[in-house]
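The structure appears below as structure tokens.
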Amino acid sequence: MYKISKKNKNILIVDDEPKITEVVSALLESRGYCPFCAANGREAFEIFDRQNIALVILDLMLPDMSGEEICRKIRQKSRAPIIMLTAKVAEDDLVTGLNLGADDYITKPFGLNELHARIESVLRRSSDDLTPLSVKNSFNNGDLIVDFEKGDVKKKQKSVALTANELKILSLLVKYPGRIFTRDRLIESALGDDFDGDPRTVDSHIKNLRAKIEDNPKNPVYVLTVHGMGYKFGGEKND
């Protein structure tokens with residue numbers, strides 16, 4: 001049975017207090033995660049757009065923009081779970097953060113064991129969520145339409161029958177457009193830890209998926225190969 005280490009999960013820590021980023025980063029490394037640190041919103045978005053971030057730990061008080069604003073902008077393009085770090089204890093502040101799309105919050109000062117438990121809990125809850133921000137998506141002027149709520153995929157207005165694994169892979173790629181996914185990442189995030197087979201099996205799923213949704217599977221426009229790295233989604237979404 002194919003298993004993947006937590007090392008593949010990247011966690012972004014956004015806090016302008018070096019002591020907090022150092023301690024939380026050390027905690028995450030000791031528990032098998034790969035931490036990235038940002039001291040402000042600009043750095044946070046640079047890292048978020050470059051890396052495949054599985055979870056964001058976000059301080060509300062930052063020098064260049066508020067944590068609420070960062071949360072709002074992340075939610076415009078991703079469902080990556082967000083845990084807010086806050087010294088604010090007013091109920092209205094916490095409700096505002098959760099309404100903006102945060103998955104959980106923890107108040108300062110906090111215990112490392114509590115933070116780790118919340119990280120594990122949020123990641124478990126989000127692991128099966130492959131639904132993109134928009135459940136119905138149209139790409140390249142309606143050439144490809146994907147309705148994730150109904151599990152319906154249409155190519156040139158004709159329904160396409162995808163297998164469960166093909167739909168899971170397509171869902172993940174559409175959820176993070178432009179992100180590069182290795183075979184290991186596709187197995188972990190789309191197919192699940194119980195995937196039983198060789199990682200090269202992913203290539204077969206990709207080949208079959210392309211045969212169903214591409215005009216020319218040898219020159220794809222949706223499921224693109226990034227040589228030496230993996231795959232990414234390249235369709236142009238219509239509003």
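All of these numbers come straight from a predicted model, not from anything done at the bench. If you read the sequence from its start, that first residue is 1, and numbering goes on from there.
Checked for salt-bridge contact, Arg50 and Glu46 miss the test: no charged N lies under 4.0 Å from a carboxylate O. Between Lys158 and Asp152 there is no salt bridge, since none of the side-chain N atoms of the basic residue sits less than 4.0 Å from a carboxylate O of the acidic one. Salt bridge absent: Lys73 and Glu68 never bring a charged side-chain N and a carboxylate O closer than 4.0 Å.
Counting non-hydrogen atoms of neighbouring residues, nucleotides and ligands closer than 6.0 angstrom, the CD atom of Gln51 exceeds 12 such neighbours. Dense packing is recorded around NZ of Lys212, with more than 12 heavy atoms of other residues, nucleotides or ligands lying under 6.0 Å away. Around atom NZ of Lys155, more than 12 heavy atoms belonging to other residues, nucleotides or ligands sit under 6.0 Å away.
One finds the OG1 atom of Thr163 at 7.5 Å from the CG atom of Asn208 (value rounded to the nearest 0.5 Å). Ile11 contributes atom CD1, which lies 5.5 Å from atom OH of Tyr33 (distance to the nearest 0.5 angstrom). Taking CD1 of Ile83 as the reference point, atom CZ of Arg118 lies at 8.0 Å (rounded to 0.5 Å). A distance of 11.0 Å separates CG of Asn165 from CG of Leu186, quoted to the nearest 0.5 Å. How far CG of Leu62 is from CZ of Arg42: 12.5 Å, rounded to the nearest 0.5 Å. Interatomic distance, Thr201 OG1 to Asp203 CG, rounded to the nearest 0.5 Å: 8.5 Å.
Closest approach of Cys71 to Ile82, counting heavy atoms only: SG-CD1, 3.8 Å. Of all non-hydrogen atoms in Gly234 and Leu224, the two that sit nearest each other are CA-CD1, 3.8 Å. Across all non-hydrogen atoms, the minimal contact from Gly67 to Met84 is O-CE, 4.2 Å. Closest heavy-atom contact between Asp16 and Met61: OD1-O, 3.6 Å. Minimum interatomic distance between Pro217 and Ala211 (heavy atoms only, all atoms of both residues): CG-CA, 3.9 Å. Smallest separation of non-hydrogen atoms from Ile13 and Pro35: CD1-CB, 4.1 Å.
With hydrophobic clusters built from ILVMFWY side chains whose heavy atoms lie under 4.5 angstrom apart, Phe110 shares a cluster with Leu28. Note on Val223: it clusters hydrophobically with Val221, by side-chain heavy-atom contacts below 4.5 Å among ILVMFWY residues. Hydrophobic clustering (side-chain heavy atoms under 4.5 Å, transitive across Ile, Leu, Val, Met, Phe, Trp, Tyr) keeps Leu209 apart from Val226. Residues Ile47 and Met65 share a hydrophobic cluster, clusters being chains of Ile/Leu/Val/Met/Phe/Trp/Tyr side chains in contact below 4.5 Å.
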Carefully, step by step, assess Phe36 and Phe48 under the rule ring pair (Phe, Tyr, Trp, His ring centres under 6.0 Å). CA-CA 9 Å; Phe36 292 84; Phe48 191 87; over 10 Å; no
Checking Arg210 against Glu166 for the salt bridge (charged side-chain N to carboxylate O under 4.0 Å, His left out) test, could you report, in this order, the C-alpha distance in whole Å, the side-chain angles of both residues, the deciding distance, and whether it holds? CA-CA 10 Å; Arg210 283 174 173 164; Glu166 290 163 3; over 6 Å; no
Give the C-alpha distance, both sets of side-chain angles, the deciding distance and a yes or no for side-chain contact (heavy atoms from CB on, under 4.5 Å) between Leu27 and Arg31. CA-CA 6 Å; Leu27 167 72; Arg31 302 302 172 95; 4.0 Å; yes
With side chain to side chain donor-acceptor pair (under 3.5 Å) as the criterion, how do Arg72 and Ser66 come out once you've worked through the C-alpha distance, each side chain's angles and the decisive distance to 0.1 Å? CA-CA 10 Å; Arg72 184 185 300 109; Ser66 69; 6.0 Å; no
Before you tell me yes or no, could you show the steps for Val146 and Leu144 under side-chain contact (heavy atoms from CB on, under 4.5 Å), namely the whole-Å CA-CA distance, both residues' side-chain angles and the distance that decides it to 0.1 Å? CA-CA 7 Å; Val146 186; Leu144 179 69; 4.0 Å; yes
Using the side-chain contact (heavy atoms from CB on, under 4.5 Å) rule, take Asp59 and Val14 through it: C-alpha gap first, then chi angles, then the decisive distance, then the call. CA-CA 6 Å; Asp59 184 30; Val14 188; 5.8 Å; no
Applying side-chain contact (heavy atoms from CB on, under 4.5 Å) to Leu60 and Leu85, what does each step give before you reach the verdict? CA-CA 6 Å; Leu60 287 181; Leu85 298 181; over 6 Å; no
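Between the side chain of Asn140 and the backbone N or O of Glu236, at least one donor-acceptor pair lies under 3.5 Å. Counting only distance, with no hydrogens or angles, the side chain of Arg183 and the backbone of Gly230 share no donor-acceptor pair below 3.5 Å. The main-chain N or O of Ala39 is found under 3.5 Å from a side-chain atom of Glu43 such that the two form a donor-acceptor pair. With hydrogens and angles disregarded, a donor-acceptor distance shorter than 3.5 Å links the side chain of Ser171 to the backbone of Leu167. Using a distance-only test at 3.5 Å, with no hydrogens or angles considered, no donor-acceptor pair links the side chain of Glu22 to the main chain of Lys19. Judged purely by atom type and a 3.5 angstrom limit, Arg75 uses its side chain to pair as donor or acceptor with the backbone of Ala80. Listed for the Glu29 side chain is no donor-acceptor partner under 3.5 Å among the backbone atoms of Cys34.
In this structure, the side chains of Phe233 and Leu170 come closer than 4.5 Å at one or more pairs of heavy atoms. Side chains of Gln157 and Ile145 form a contact here, defined as non-hydrogen atoms less than 4.5 Å apart. Between Lys108 and Ile20, the closest side-chain pair of non-hydrogen atoms falls below 4.5 Å. For the pair Ile169/Phe181, no side-chain contact is recorded, criterion being any heavy-atom separation below 4.5 Å from C-beta on. Looking at heavy atoms from C-beta onward, Leu12 lies out of side-chain contact with Ile57 at the 4.5 angstrom threshold.
A side-chain donor-acceptor contact under 3.5 Å links Tyr222 and Asp143.
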